[in-house]
J.: 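Dumping the structure here so I can ask a few things about it.
Because only heavy atoms are used, hydrogens play no part in the values below, and waters and symmetry mates are left out as well, while side chains stay in. Quick note on labels: first sequence line is chain A, next is B, and so on, each numbered from 1. Computed from a predicted structure; not experimentally measured.
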Number of protein chains: 2
Amino acid sequence: MNENIKQAVTTQALHRMPYYIQQLRVLQEQKTETVSAPKIAELLNLNEVQVRKDFAAVYSTKGKPKMGFLVTELLASMEELLGYNNANEAVIVGAGSLAQAIMAHEGFQDYGLKIVAAFDVNTERIGSDINGIKVLPADKISNLCRRMKIHIGIITVPAVQAQVVCDQLVAGGILAVWNFAPVHLSVPDHILVQNENLAASLAVLSNHLKHAMITPEF
Amino acid sequence: MNENIKQAVTTQALHRMPYYIQQLRVLQEQKTETVSAPKIAELLNLNEVQVRKDFAAVYSTKGKPKMGFLVTELLASMEELLGYNNANEAVIVGAGSLAQAIMAHEGFQDYGLKIVAAFDVNTERIGSDINGIKVLPADKISNLCRRMKIHIGIITVPAVQAQVVCDQLVAGGILAVWNFAPVHLSVPDHILVQNENLAASLAVLSNHLKHAMITPEF
DNA sequence: ACAATATCAGTATTATAATATCGATATAGA
DNA sequence: TCTATATCGATATTATAATACTGATATTGT
């Protein structure tokens with residue numbers, strides 16, 4: 001919805017990257033030194049040309065005929081591209097169960113995300129400690145983000161509060177928003193909103209079921 | 001990745017539906033009776049033709065020139081399409097923090113998802129009760145799914161276990177999988193895998209930040 | 001009653017992503 | 001050493017989604 005930013009790698013390709021990374025890690029553990037595009041395509045059920053192009057986009061080593069690509073180098077350049085090494089600091093707003101799950105998920109550290117503060121309006125939650133992260137009152141958002149030069153804001157508040165929270169994050173100088181609320185957020189052009197709409201996924205699932213039940217295939 | 005199923009509504013359109021629904025609900029609360037495609041497009045920052053086509057795809061009432069569409073009817077037909085009324089029963093495998101968040105999220109009931117059982121391999125978790133849902137041993141998956149005619153399986157286990165769990169769900173006669181593990185899952189053709197890859201979203205965010213930092217726009 | 005216009009539905013066009021094709025080349029095996 | 005071939009990169013084609021355009025129509029205001 002906000003795609004006026006020039007980027008070398010397409011969004012679709014970026015979405016495939018974590019799957020490549022996961023697969024390459026498996027290969028690395030198996031001490032496999034090289035891998036070809038067709039092989040990865042087969043493993044991930046993708047088109048081989050697409051895989052080759054995605055690899056070319058991250059521009060690691062060029063592949064060699066008959067051999068393919070160097071697993072370790074390819075993996076490194078992908079992790080580099082996705083910033084898995086240099087952590088991006090983030091704040092999370094709305095300290096409900098979803099937020100707690102996100103904070104508890106230590107795996108996100110590996111993906112280059114470091115949550116440094118949580119905010120909530122619920123006075124009961126304020127002051128508490130979730131996985132070592134202090135829950136602060138929501139009116140401190142802008143101030144803290146600006147002071148700590150935070151670039152990512154994660155929104156896990158209910159739909160009705162999302163836009164207000166978003167505005168506060170923007171006021172705090174945030175550059176990207178990860179939005180778990182099922183609403184459209186209005187933001188200035190240069191800010192990216194990445195929507196994680198679980199309802200959208202459910203819509204796809206439900207729609208599939210409806211068709212699958214009408215035309216049973218087994 | 002698994003798109004050989006004929007469907008009247010495109011996946012992209014389905015992804016937009018929850019946003020339409022949310023917006024229509026707001027309008028309904030404001031006692032607004034009709035709304036035009038351009039108006040919705042403006043509110044959600046979409047193209048008006050796209051909105052009109054999405055509306056046509058759910059085929060509710062036809063719109064009237066100068067007036068637009070009936071909010072209530074449109075909303076009803078969208079909710080009907082997405083199965084918000086008739087709940088789909090689901091099981092969740094992996095009773096970690098993410099699963100707990102999903103189960104705690106009573107909002108999913110409104111989206112037509114009813115989680116009836118949870119599974120885990122961790123003996124400590126087995127037998128416990130999360131939000132009224134019993135945690136059962138993982139080896140019961142296939143059996144219970146088949147017996148209860150469950151159609152949706154939610155996977156929140158670590159990457160390495162995901163494929164095994166997926167196979168068990170498939171063996172249990174599941175039709176759709178909601179996969180939170182950052183791995184590609186191999187399934188028979190007629191089964192839909194809806195990937196909820198949080199790492200992919202982080203990839204997009206991180207990539208945006210990298211570009212935004214190089215070319216600051218404020 | 002009639003003119004002006006917002007909006008519609010349908011069709012045409014454009015943009016974007018996915019896939020197919022093709023000549024080149026490095027490796028493996030005869 | 002030479003031949004066969006897997007794989008490459010590059011380019012062409014196709015498929016899909018987004019957007020622009022056009023004539024029709026219902027409402028609103030004069």
Side-chain angles (χ1 to χ4, degrees), chain A residues 1-17 19-20 24 27 32-71 73-74 77 184 195 200 203-204 207, chain B residues 1-17 19-20 24 27 32-71 73-74 77 184 195 200 203-204 207:
Chain A
M1 297 187 182
N2 181 348
E3 276 317 310
N4 49 353
I5 298 115
K6 201 225 159 190
Q7 50 188 159
V9 191
T10 66
T11 305
Q12 276 89 335
L14 284 173
H15 278 283
R16 287 187 290 268
M17 292 297 165
Y19 294 100
Y20 294 139
L24 288 170
L27 292 168
T32 312
E33 288 189 6
T34 61
V35 70
S36 68
K39 181 66 188 170
I40 292 285
E42 186 206 329
L43 289 167
L44 299 182
N45 199 27
L46 297 169
N47 179 281
E48 65 157 299
V49 180
Q50 187 172 57
V51 172
R52 207 173 286 125
K53 285 199 173 169
D54 287 346
F55 286 5
V58 311
Y59 189 67
S60 59
T61 358
K62 287 211 168 186
K64 273 190 188 175
K66 205 106 190 221
M67 297 297 282
F69 301 82
L70 290 168
V71 171
E73 281 194 35
L74 192 54
S77 62
H184 168 76
N195 291 301
V204 176
N207 191 254
Chain B
M1 297 188 184
N2 181 349
E3 276 315 311
N4 48 353
I5 298 112
K6 202 226 160 191
Q7 51 188 157
V9 191
T10 66
T11 305
Q12 275 88 338
L14 284 173
H15 278 282
R16 287 187 289 268
M17 292 297 165
Y19 294 99
Y20 295 138
L24 289 169
L27 292 168
T32 312
E33 288 189 7
T34 62
V35 70
S36 69
K39 181 67 188 169
I40 292 285
E42 186 206 329
L43 288 167
L44 299 182
N45 199 27
L46 297 169
N47 179 282
E48 65 157 299
V49 180
Q50 186 171 59
V51 172
R52 205 175 286 124
K53 288 204 169 164
D54 286 347
F55 286 5
V58 310
Y59 190 66
S60 59
T61 357
K62 286 211 167 186
K64 272 189 189 176
K66 204 111 192 217
M67 297 297 283
F69 302 81
L70 290 169
V71 171
E73 281 194 36
L74 192 54
S77 62
H184 167 75
N195 290 301
V204 177
N207 191 254

J.: Grab the CG-C1' distance between B/Asp54 and D/dA18 for me, whole Å please.
T.: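 Nearest whole value for this atom pair: 11 Å.
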J.: Looking across every strand, which nucleic acid part, if any, lies under 4.0 Å from B/Phe69 by heavy atom: base, sugar-phosphate, or nothing?
T.: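 Touches sugar-phosphate only.
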J.: Do the side chains of B/Tyr20 and B/Leu46 get nearer than 4.5 Å, heavy atoms only?
T.: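 A side-chain contact under 4.5 Å exists here.
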J.: Identify each donor-acceptor pair in which a side-chain atom of residues 32-44 of chain A lies under 3.5 Å from a protein atom, sequence neighbours left out, and give them as a table.
T.:
{"unit_1": "A/Thr32", "atom_1": "OG1", "unit_2": "A/Leu27", "atom_2": "O", "d": "3.3"}
{"unit_1": "A/Ser36", "atom_1": "OG", "unit_2": "A/Lys39", "atom_2": "N", "d": "3.3"}

J.: How many angstroms lie between CG in B/Asp54 and CD in B/Gln12, if you round to the nearest 0.5 Å?
T.: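 Answer rounded to 0.5 Å: 10.0 Å.
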J.: A/Val9 and A/Ala13: which non-hydrogen atoms are nearest, and at how many Å?
T.: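 For A/Val9 and A/Ala13, the tightest heavy-atom pair comes out as CG1-CB, 3.6 Å.
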J.: Could you tell me whether A/Ala37 contacts a base, only the sugar-phosphate backbone, or nothing, with contacts defined as non-hydrogen atoms closer than 4.0 Å?
T.: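 A/Ala37: backbone/sugar contact only, no base atoms under 4.0 Å.
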J.: First locate atom NZ of A/Lys62, then atom CG of A/Leu70, and finally report the distance between them rounded to the nearest 0.5 Å.
T.: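 So the gap between those two atoms works out to 14.5 Å.
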J.: Please report, rounded to the nearest Å, how far the C1' atom of D/dC21 is from the CD atom of B/Gln50.
T.: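 Going from CD in B/Gln50 over to C1' in D/dC21 covers 17 Å.
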J.: So, for A/Arg52 and A/Phe69, which heavy atoms are closest and what is the spacing to 0.1 Å?
T.: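 Residues A/Arg52 and A/Phe69, closest heavy atoms: CG-CZ, 4.3 Å.
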J.: Whole-Å distance between D/dT5 C1' and A/Glu48 CD?
T.: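 In whole Å, D/dT5 C1' lies 14 Å from A/Glu48 CD.
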J.: Using a heavy-atom cut-off of 4.0 Å across all strands, would you classify B/Lys62 as base, sugar-phosphate, or nothing?
T.: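 Result for B/Lys62 = sugar-phosphate.
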J.: Return a single string for nucleotides 22-30 of chain D, one symbol per nucleotide in 5' to 3' order, where B is base contact, S is sugar-phosphate-only contact and - is none, cutoff 4.0 angstrom on heavy atoms.
T.: ---BSB---
J.: Could you state the interatomic distance from NE2 (A/His15) to CG (B/Asn195), rounded to the nearest 0.5 Å?
T.: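 Those atoms lie 11.5 Å apart.
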J.: For B/Pro38 and for B/Lys53, find the nucleotide of DNA chain C with the closest heavy atom, then tell me which residue's nucleotide is more 5'.
T.: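 Looking at the nearest nucleotide for each, B/Pro38 comes out on the 5' side.
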J.: Just verifying a value: how many Å separate B/Arg16 CZ and B/Lys53 NZ, rounded to the nearest 0.5 Å?
T.: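 Separation between the atoms: 11.0 Å.
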J.: With a 4.0 Å limit, can you tell me whether A/Arg52 has a side-chain N or O closer than that to the phosphate oxygens OP1/OP2 of D/dT11?
T.: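 Negative; the distance criterion is not met.
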J.: Nucleotide range of DNA chain C contacted by chain B, 5' to 3', under 4.0 Å to a heavy atom?
T.: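 Nucleotide range in contact with chain B: C/dT5 to C/dA12.
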